[in-house]
S.K.: 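Got a structure here, written out as structure tokens. Questions coming.
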2 protein chains.
Amino acid sequence: MAARAGVRAARAALSGRAPGARPPTSRDVASAAGVSQATVSLVLGDKWRGRVSERTAGLVREAAQDLGYRPNLAARSLRLGRTRTALLVVPAMTSEFFAQVYTGAAKVAAEHGFGVVLYPSPEGIGPARDPFDSARTALDGVIASSMAADALASIRGSDLPLVMLDSDPAETGPAAHVNLDIADGVRRLTEHLLGLGHRRFTHIAADVDSWTFVVRARALADALTDVPDAELRTVRAELSVDGGRRAAEAALGSPGPRPSALVCDDDFLAAGACKAAHRLGLRVPDDVSVTGFDGLTLATALEPELTTLTLPAEQVGARGMAALLAVLEGRPAETGDLPVTLAVRGSTAAPRPA
Amino acid sequence: MAARAGVRAARAALSGRAPGARPPTSRDVASAAGVSQATVSLVLGDKWRGRVSERTAGLVREAAQDLGYRPNLAARSLRLGRTRTALLVVPAMTSEFFAQVYTGAAKVAAEHGFGVVLYPSPEGIGPARDPFDSARTALDGVIASSMAADALASIRGSDLPLVMLDSDPAETGPAAHVNLDIADGVRRLTEHLLGLGHRRFTHIAADVDSWTFVVRARALADALTDVPDAELRTVRAELSVDGGRRAAEAALGSPGPRPSALVCDDDFLAAGACKAAHRLGLRVPDDVSVTGFDGLTLATALEPELTTLTLPAEQVGARGMAALLAVLEGRPAETGDLPVTLAVRGSTAAPRPA
DNA sequence: CCTCGGACGTTATACGTAACACTAAGGAGT
DNA sequence: ACTCCTTAGTGTTACGTATAACGTCCGAGG
């Protein structure tokens, strides 16, 4: 009660009105302009071509301006059955990568009067409530990044328009896919390492089965099949700096010839790999080359800077939102993979002759 | 038109109903339970103690369950004048710190049926639209982090309930403040460095005038005033790895005795400082100690790991949201500064005797 | 002179919810 | 027998918007 009155008074002050007064409605604008509420709705909704005279339209717009009229979003949503809100499902918001994806999506959304809400990982938000469940009536569509299949189940079951980011294009169900040309990037990265003379590779692989990591692994293996003397091992690692460190220590410390290049599934793992090398008394890139993935700030914060594949995170989000908007309007979504960039930096160099 | 039909069909499928059917409303539940819509509202709104019999309440709940009834949020908002949505204003979403703040706020919000939307920096979202402007009618309150004063102007002017994070407690206007005991943290950090024997300090300071950075500078100066032979210089730096590198190169390369400790305003600056030291052929921590601020993942990704002040980012967000909820309900918000943690790691050591 | 169709608006209604005001029945108190 | 209270609900309304369906005026064509 007190809270409600507080909110109301606050709203009033937004437009410089006296506290206690209601915010202006389309009806207020109507009486100020001397027309009916319906006309206000037509004019401000840009649906008046030929139905309202130029002069009246001007009057309405002026009155709306004077009163500081803002349409009530709740009322509009109720009337239209649409909410102009999309859900972005990400595995974890704490990653800079998904923060950028969100930013890109939010920018495009804002241009179309849409909002974006987040659903940051099933376990992150507390076990008691399923925010997706409670938000269902307030969503127009869902943009979901690559996640474990079971986490997606409840989303798939909803049948809301769904756009998938960086995930298996063969999957049926999603209205659209926004994918990256990761295979091409990995191929270029591998060629870079091969060109430097590397032949013994160890893949520090994420221990989750997201499509994106499956592709990374496959592309790396594919790129090395043509090279007769190349050798590829794989060590799985928890997705964290420390997980990368442990995996790399195992890889570098294991018996047999030491790998000369550690290809890591993301920049955090690569940072861990660099730490592992340091602990074992090896130097990067002189004794071992290390590559990352994602192109986060972290990649240039390290010494040496990481050679990495930079993903256009913001573009992914932007394109995802654009695709959702297209689907909602019945247009075909833009297709074609987004390119990734190979950033060659200090963490890779020619291996020392054995 | 087509889009609207698509959304409607999708909604229907959410509850396993045939496509084309409307989602169930409270009136549908009412007729299924053999009561009036008003009774359904009472029961599901938990306002029926003494007004509806236990038996009838059970019937209503059962019917709601069977039909998969979800209240329509738009209708509820329209009726109540409240939206159960808060705005979180952050300077940039790309930072891990604010991502964590968001996570904390969203968790608490979800527990109370609230949502959180983001307003990621005035310039970040595109110049054409002011999302705060368009969202005003759909907000119950605002949580804003420390920003430049002018960026806050339009928010302050709104008079919506406002909670400020890590900002000047003397500021009037905000309904509540959530602050960190940064002064205490800086004092402990300084004592740590003094204890190691450091006397020549250079503060790599952020070149923005947010309250939090003002406090950091002041606390550092205060902690050194009692130490007669201590010396403090300040170099301002753009808030980025490269900004930190440039500032540190200037500090370490300038004439006169070299500083033995670089106290940086955040972890990115500290990472840049480490790179600068490396470029100048100095070793961290043997030749120069470096400290960070924030305690991001970055701090432990570097080699050596950064000694830093770890801020409880998620707690900040959680407490901010809790404070906003308190204000909205007319309760006093919890007060008291949140503690920060000094994480002593490899980037600080005793200076070499001159 | 009649009517017919633009041009310009208006009236009325529905969206789904929450809450106020009311009622009807049954029992207690006097 | 009368009022008064409690229990257990119901009828109605309002929130603010968008739009379908409906007038009205007026000049032109027959």
S.K.: B:Thr25 near the nucleic acid: base, sugar-phosphate alone, or nothing, with a heavy-atom cut-off under 4.0 Å?
M.R.: sugar-phosphate

S.K.: Round to a whole Å and report the spacing from CZ of B:Arg82 to C1' of D:dC15.
M.R.: 13 Å

S.K.: Do any N or O atoms from the side chain of A:Thr103 and from the backbone of A:Glu314 form a donor-acceptor pair under 3.5 angstrom?
M.R.: no

S.K.: Take atom CH2 of B:Trp48 and atom C1' of D:dT7, then tell me their distance rounded to the nearest Å.
M.R.: 13 Å

S.K.: Heavy-atom nearest nucleotide on DNA chain D for B:Val52 versus B:Ala75: which residue maps closer to 5'?
M.R.: B:Val52

S.K.: A:Thr39 side chain N/O closer than 4.0 Å to the phosphate oxygens (OP1, OP2) of C:dC8?
M.R.: no

S.K.: Less than 4.0 angstrom between a side-chain N/O of B:Ser36 and OP1 or OP2 of D:dG9, yes or no?
M.R.: no

S.K.: Taking the side chain of B:Ser53 as heavy atoms from C-beta outward, which of D:dT17, D:dT10, D:dA8 is closest to it?
M.R.: D:dA8

S.K.: Considering only side-chain heavy atoms of B:Val35, which listed nucleotide, D:dT10, D:dT19, C:dT17, is closest?
M.R.: D:dT10

S.K.: Reading DNA chain C from 5' onward, which residue's closest nucleotide shows up sooner: A:Arg27 or A:Thr56?
M.R.: A:Thr56

S.K.: Rounded to whole Å, please give me the gap between CG in A:Leu59 and P in C:dG9.
M.R.: 10 Å

S.K.: Identify whether any heavy atom of B:Val40 sits under 4.0 Å from a base atom; if not, whether one sits that close to sugar-phosphate; answer base, sugar-phosphate or nothing.
M.R.: nothing

S.K.: Using atom CG of B:Leu80 as one end and atom P of D:dG16 as the other, report the distance to the nearest whole Å.
M.R.: 13 Å

S.K.: Whole Å only: how far is the CG atom of A:Leu42 from the C1' atom of D:dA20?
M.R.: 11 Å

S.K.: Measure across A:Val29 and A:Val60 and return the closest heavy-atom pair with its distance rounded to 0.1 Å.
M.R.: CG1-O, 3.9 Å

S.K.: Would you kindly give the CZ-to-C1' distance between A:Arg76 and C:dA14, to the nearest whole Å?
M.R.: 17 Å

S.K.: Just N and O in the side chain of B:Ser26: are any of them under 4.0 Å from OP1 or OP2 of C:dT17?
M.R.: yes

S.K.: Given atom CG of B:Leu78 and atom C1' of D:dT13, what is their separation to the nearest angstrom?
M.R.: 13 Å

S.K.: First locate atom CG of B:Leu324, then atom CD of B:Glu329, and finally report the distance between them rounded to the nearest 0.5 Å.
M.R.: 9.5 Å

S.K.: So, taking the atom named OG1 in A:Thr83 and the one named CG in A:Asp140, what distance separates them when rounded to the nearest 0.5 Å?
M.R.: 3.5 Å

S.K.: D:dT12 C1' sits how many Å from B:Gln37 CD, rounded?
M.R.: 11 Å

S.K.: Got a sec, which pairs hit salt bridge (Lys or Arg N to Asp or Glu O under 4.0 Å) with one end in residues 26-35 of chain A, sequence neighbours left out?
M.R.: A:Arg22-A:Asp28

S.K.: Give one of base, sugar-phosphate or nothing for A:Arg51, where a contact means two heavy atoms less than 4.0 Å apart.
M.R.: base

S.K.: Which of these nucleotides, D:dT17, C:dG16, D:dT10, is closest to any side-chain atom of B:Asn72?
M.R.: C:dG16

